[in-house]
*Asks:* 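So that we are looking at the same thing, I have put the structure below in structure tokens.
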There are 2 protein chains.
Amino acid sequence: MSAAKPENLKAADRILATAQELFYREGARAIGVDEIVQRAGATKPSLYRAFGSKDQLIAAYLEGERARSMAYFDEAAAEHPGDARAQLLAYFDALGRRASRDGYRGCGLSNAAVEYPDPKHPGHKVALAHKTEVRERLRDLARALGARKPKKLADSLLLLIEGVYVTGQVFGGDGPAKAVRGAAAALIDAHRAEPAGDEPEA
Amino acid sequence: MSAAKPENLKAADRILATAQELFYREGARAIGVDEIVQRAGATKPSLYRAFGSKDQLIAAYLEGERARSMAYFDEAAAEHPGDARAQLLAYFDALGRRASRDGYRGCGLSNAAVEYPDPKHPGHKVALAHKTEVRERLRDLARALGARKPKKLADSLLLLIEGVYVTGQVFGGDGPAKAVRGAAAALIDAHRAEPAGDEPEA
DNA sequence: CACCAATCGTACCGATCGGTAACGAGGTCA
DNA sequence: TGACCTCGTTACCGATCGGTACGATTGGTG
């Protein structure tokens, strides 16, 4: 059952790569350190010398997820330079397609925040920092759009994003994720038209 | 450290009540059966006689969460009988306020689906069944609204709901959850006006 | 009283959890 | 050569995991 892949990588790198895959697919709480080192072809002391503890390994894994996650924004920005609205729609379009694939497991950082609700946990801290960064990025885009209430628009879009993460892994291929691009477009346009007062009542 | 509350309840009931609280607050994977029975003032054989396994206890806990979750729809419906739009807005308004309270832990069913990604897990099954029921309920409301694309609107609203669940527990009291009512209103109105074609491109 | 069924607790199981002590192989630079 | 440092190895730790065999207790019924 052991994979034992030397593949030119150092033990610490193999451990991290294996942890990335297993933590994301199965959840950090579901995977023990023994399984990680076994499938990485390494041993536990290598893990603990390189990462200190399982919690810190989780944090290292999440830092990788954070970079991967932010890259999606960069890609969308590169596709439509100077056009914030097109950037956002490209981002949501790609997100909806990713989330509709079978076996989708959502956002590793959101999942970790759910698995470790304690704000003092290293993994939870990384997740919160990342979500704050995403929120800021969305606000920048909302401002560039010319939205009347950029913070409100950014938060609304963030709700859609997190909703896709969860529903994408609960429902199969034909879940609500496919509606996210249209929903984002509707929210964006609503924030560019009238004074964003919610509605008659309230 | 033991609570030992006889409080007239049978062991099985105390165990379930304790499990509800601990599973929701800390996560099902984080809580062991020993801690549950200890704080319930019971013992493990009582747990296993009444529920069979920890997984089935999780499923029982989630069935309770399911009822609690659906009750929020009933409350909103009771407040504004015959007015689907007002029902939805009341639901989202209450949801946003719940999710902005400190210590909010989101939806136990969504959390369980994240903690147990295996579709064969009893807890995951309950979560999927519940989400499907919510989706259906939102579709009914969207149809009652007169939305042009009720399924799309329902899925968009479901994205907002799940987004609130996650962001509510990641961000503190001033998270994106406060924007959910306005976002829902914008999506609803967008689905009642123009032909819901997303936008020029695509 | 004797009997029985239901309910509960004591004590234990093997497996796995995260983490560590101690040792050995190999490279580098003096 | 030898001291040093890095890396990986075997073997082990106490604690906790989910789960169970078996006995004690209880209340109702003949």
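Chain naming here is simple, since letters A, B, ... match the order of the sequence lines and numbering starts at 1 in each. For clarity, every value in this text was computed on a predicted model and none was experimentally measured.
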*Asks:* From NZ of K54(A) over to C1' of dT16(C), roughly how many Å is that when rounded to an integer?
*Replies:*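 My rounded result for the distance is 12 Å.
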*Asks:* Rounded to whole angstroms, how far apart are CD on Q38(B) and C1' on dA15(D)?
*Replies:*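 Those two atoms, CD and C1', are 14 Å apart.
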*Asks:* Using the closest heavy atom to pick a nucleotide of DNA chain C for each, name whichever of A11(B) or D55(A) lands nearer the 5' end.
*Replies:*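 By nearest-heavy-atom nucleotide position, the 5'-most residue is A11(B).
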*Asks:* Relative to the 5' end of DNA chain C, which residue comes earlier, A30(A) or R49(A), by the nucleotide with the nearest heavy atom?
*Replies:*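 Nearest-nucleotide comparison on DNA chain C picks A30(A).
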*Asks:* Nearest-Å distance, OH (Y48(B)) to P (dT10(C))?
*Replies:*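 Distance, rounded to whole Å: 17 Å.
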*Asks:* For R29(A) and dC17(C), give me the distance from atom CZ to atom P, rounded to whole Å.
*Replies:*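 The answer, rounded to whole Å, is 14 Å.
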*Asks:* Grab the CG-P distance between L47(A) and dA21(C) for me, whole Å please.
*Replies:*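 The distance from CG of L47(A) to P of dA21(C) comes to 16 Å, rounded to the nearest Å.
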*Asks:* Under the salt bridge (Lys or Arg N to Asp or Glu O under 4.0 Å) criterion, do E162(B) and K131(B) qualify, and how do the steps go?
*Replies:* CA-CA 10 Å; E162(B) 296 294 330; K131(B) 297 305 175 189; 2.9 Å; yes
*Asks:* I'd like to know if K151(A) pairs up with D155(A) as an ion pair, taking the criterion as any Lys NZ or Arg NE/NH1/NH2 lying under 4.0 Å from an Asp or Glu carboxylate oxygen.
*Replies:*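 Salt bridge absent between K151(A) and D155(A).
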*Asks:* Rounded to the nearest Å, what distance is computed from the CD1 atom of residue I31(B) to the P atom of nucleotide dC17(C)?
*Replies:*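 Value for this atom pair: 18 Å.
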*Asks:* Should R143(A) and E136(A) be marked as a salt bridge (Lys or Arg N to Asp or Glu O under 4.0 Å) after you check the CA-CA gap, both sets of side-chain angles, and the distance that decides it?
*Replies:* CA-CA 11 Å; R143(A) 277 188 282 262; E136(A) 210 51 60; 3.7 Å; yes
*Asks:* Hey, is the side chain of T43(A) poking within less than 4.0 Å of OP1 or OP2 on dT9(D), counting only N and O atoms?
*Replies:*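 It does, given that an N or O in the side chain of T43(A) lies less than 4.0 Å from OP1 or OP2 of dT9(D).
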*Asks:* Select one nucleotide: of dG18(D), dG8(D), dT9(D), the one nearest the side-chain heavy atoms of V33(B).
*Replies:*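 Of the options given, the side chain of V33(B) lies nearest dG18(D).
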*Asks:* Tell me which of G52(B) and D34(A) sits closer to the 5' end of DNA chain D, going by the nucleotide each one is nearest to.
*Replies:*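 Between the two, 5'-proximity favours D34(A).
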*Asks:* Is there side-chain contact between L159(A) and L159(B), with heavy atoms separated by less than 4.5 Å?
*Replies:*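 Sidechains of L159(B) and L159(A): no contact.
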*Asks:* Checking F73(B) now: which residues fulfil ring pair (Phe, Tyr, Trp, His ring centres under 6.0 Å) with it, not counting sequence neighbours?
*Replies:*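 Y91(B).
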*Asks:* At 4.0 Å (heavy atoms only), tell me whether S46(B) reaches a base, stays on the sugar-phosphate, or touches nothing.
*Replies:*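 Since only primed, P, OP1 and OP2 atoms lie under 4.0 Å of S46(B), the category is sugar-phosphate.
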*Asks:* Checking all strands, does L57(A) fall into the base, sugar-phosphate, or nothing category for heavy-atom contacts under 4.0 angstrom?
*Replies:*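 Counting heavy atoms under 4.0 Å across all strands, no contact is made by L57(A).
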*Asks:* Nearest whole angstrom, please: distance from the C1' of dT16(D) to the CD of E35(B).
*Replies:*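 Taking atom C1' of dT16(D) as the reference, CD of E35(B) is at 11 Å.
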*Asks:* What is the distance, rounded to the nearest whole Å, between atom CD1 of I36(A) and atom P of dT16(C)?
*Replies:*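 Interatomic distance, CD1 of I36(A) to P of dT16(C): 16 Å.
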